[in-house]
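What you see is a predicted model; the values in this text were computed from it and never measured.
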2 protein chains.
Amino acid sequence: MPDEEGHPEPGEMELGKVLAALADPLRRRVVTELAAGPEGEARTCSSFALPVAKATVTHHFRTLREAGLIRQVNRGNSRMATLRRSEIEQRFPGLLALLLAEDARHRP
Amino acid sequence: MPDEEGHPEPGEMELGKVLAALADPLRRRVVTELAAGPEGEARTCSSFALPVAKATVTHHFRTLREAGLIRQVNRGNSRMATLRRSEIEQRFPGLLALLLAEDARHRP
DNA sequence: CACAAGGTACGATGCAAGTCGTACCCAGGA
DNA sequence: TCCTGGGTACGACTTGCATCGTACCTTGTG
């Protein structure tokens with residue numbers, strides 16, 4: 001399984017797919033946590049502790065990857081996920097700020 | 001059927017519902033057309049000429065209304081739809097600009 | 001009044017999405 | 001070398017969504 005697979009170019013990212021990906025609360029949580037963390041942070045899928053089975057976690061991360069929101073690369077026996085921050089900001093300006101603002105609204 | 005029905009307050013608008021509503025291309029088109037038009041513009045459902053049956057149009061406008069994106073009021077024998085511009089901008093700053101920018105990208 | 005126009009309500013259908021269990025793979029460490 | 005941990009692949013199930021036809025309601029108009 002090659003590293004560069006299912007990662008659309010910034011120009012190929014579709015707003016419909018991005019919005020559909022972010023409509024799911026679990027996927028939105030992943031993106032929000034990455035956006036709230038430091039630039040370039042790489043985390044494993046399991047580090048998010050999503051309350052679903054392993055196969056479901058894989059499904060959600062594939063959806064995020066194919067929408068262009070995250071990048072996944074193999075590193076050793078793990079698969080690290082990073083937020084495609086600059087590409088998202090260039091293609092959909094203000095989107096990440098929107099998610100962070102909404103997140104801050106729910107944890108006082 | 002009363003006018004004020006299924007219209008959430010700005011504080012009750014849920015990002016998940018809003019994103020799910022905007023993930024559909026037909027619904028996104030309605031919001032984008034309203035956002036591109038003048039402030040306070042009121043249009044009938046049929047004026048958008050969506051390429052689906054009447055019952056489907058009703059379904060899409062209900063989804064938009066329940067997400068809080070549009071307001072529908074009875075006027076004569078029609079039901080006028082207006083964009084809840086200020087509420088959206090207050091609750092999700094930059095969202096409408098995002099939709100307009102994406103729309104401009106697709107019509108040169 | 002009768003009729004057309006704009007919408008809604010209801011039920012049905014087909015398809016996509018979220019979820020899971022199981023089996024499997026691959027890299028690292030005991 | 002075997003085993004464990006992190007992920008994936010596949011198939012199955014269930015729910016939700018978009019779509020439609022039909023019937024119905026309401027308002028305005030000829």
Exercise. Under 4.0 Å between a side-chain N or O of A:R62 and OP1 or OP2 of D:dA9?
Worked result: yes

Exercise. Would you say the side chains of A:H60 and A:R27 form a donor-acceptor pair under 3.5 Å?
Worked result: yes

For this session: Output yes when at least one side-chain N/O atom of A:H60 is less than 4.0 Å from OP1 or OP2 of C:dT19, else no.
Result: yes

For this session: Looking at every strand, decide which applies to B:T44 at a 4.0 Å heavy-atom threshold: base, sugar-phosphate, or nothing.
Result: sugar-phosphate

Exercise. Distance check: side-chain N/O of B:S78 vs OP1/OP2 of C:dG6, anything under 4.0 Å?
Worked result: no

Problem set entry | Over-ring placement of B:R29 relative to B:F48, 6.0 Å and 45° cut-offs | no

Problem set entry | For atom CG of A:L26 and atom C1' of C:dA17, their distance in whole Å | 13 Å

For this session: Inspect the surroundings of CZ in B:R105 and state if more than 12 heavy atoms from other residues, nucleotides or ligands are less than 6.0 Å away.
Result: yes

Exercise. Within this structure, what is the CG-to-P distance between B:L19 and C:dA17, rounded to whole angstrom?
Worked result: 16 Å

Exercise. Which whole-number value in Å describes the distance from A:E66 CD to C:dA17 C1'?
Worked result: 13 Å

Problem set entry | For atom CZ of A:F61 and atom P of C:dG18, their distance in whole Å | 14 Å

Exercise. How many Å lie between CG on A:L50 and P on D:dG6, as a whole number?
Worked result: 14 Å

For this session: Can you figure out which of D:dG7, C:dT22, C:dT19 approaches the side chain of A:H59 most closely?
Result: C:dT19

For this session: Map A:D24 and A:G76 onto DNA chain C by nearest heavy atom, then report which one ends up closer to the 5' terminus.
Result: A:D24

Exercise. Do you see a donor-acceptor pair shorter than 3.5 Å between the side chains of A:R28 and A:T32?
Worked result: no

Exercise. B:I70 CD1 to C:dG7 P: how many Å, rounded?
Worked result: 11 Å

Exercise. Can you check whether A:R27 has a side-chain N or O nearer than 4.0 Å to OP1 or OP2 of C:dG18?
Worked result: yes

For this session: Ignoring backbone atoms, test whether B:T63 places a side-chain nitrogen or oxygen under 4.0 Å from the OP1 or OP2 oxygen of D:dC17.
Result: no

Problem set entry | Integer-rounded Å distance: C:dA5 C1' and B:R75 CZ | 16 Å

Exercise. Between B:N74 (CG) and C:dG7 (C1'), how many Å, whole number?
Worked result: 9 Å

Exercise. Is any side-chain nitrogen or oxygen of A:S46 closer than 4.0 Å to OP1 or OP2 of D:dG5?
Worked result: no

For this session: Could you say whether A:A53 or A:N77 is positioned toward the 5' end of DNA chain C, judged by the nucleotide with the nearest heavy atom to each?
Result: A:A53

For this session: Compare all side-chain heavy atoms of B:E89 with those of B:L95 and state whether any distance is below 4.5 angstrom.
Result: no

Exercise. What nucleotide among D:dC10, D:dG7, D:dG21 has an atom nearest to a side-chain atom of B:A55?
Worked result: D:dG21

For this session: Would you tell me if any nitrogen or oxygen in the side chain of A:T58 comes within less than 4.0 Å of OP1 or OP2 on D:dT8?
Result: yes

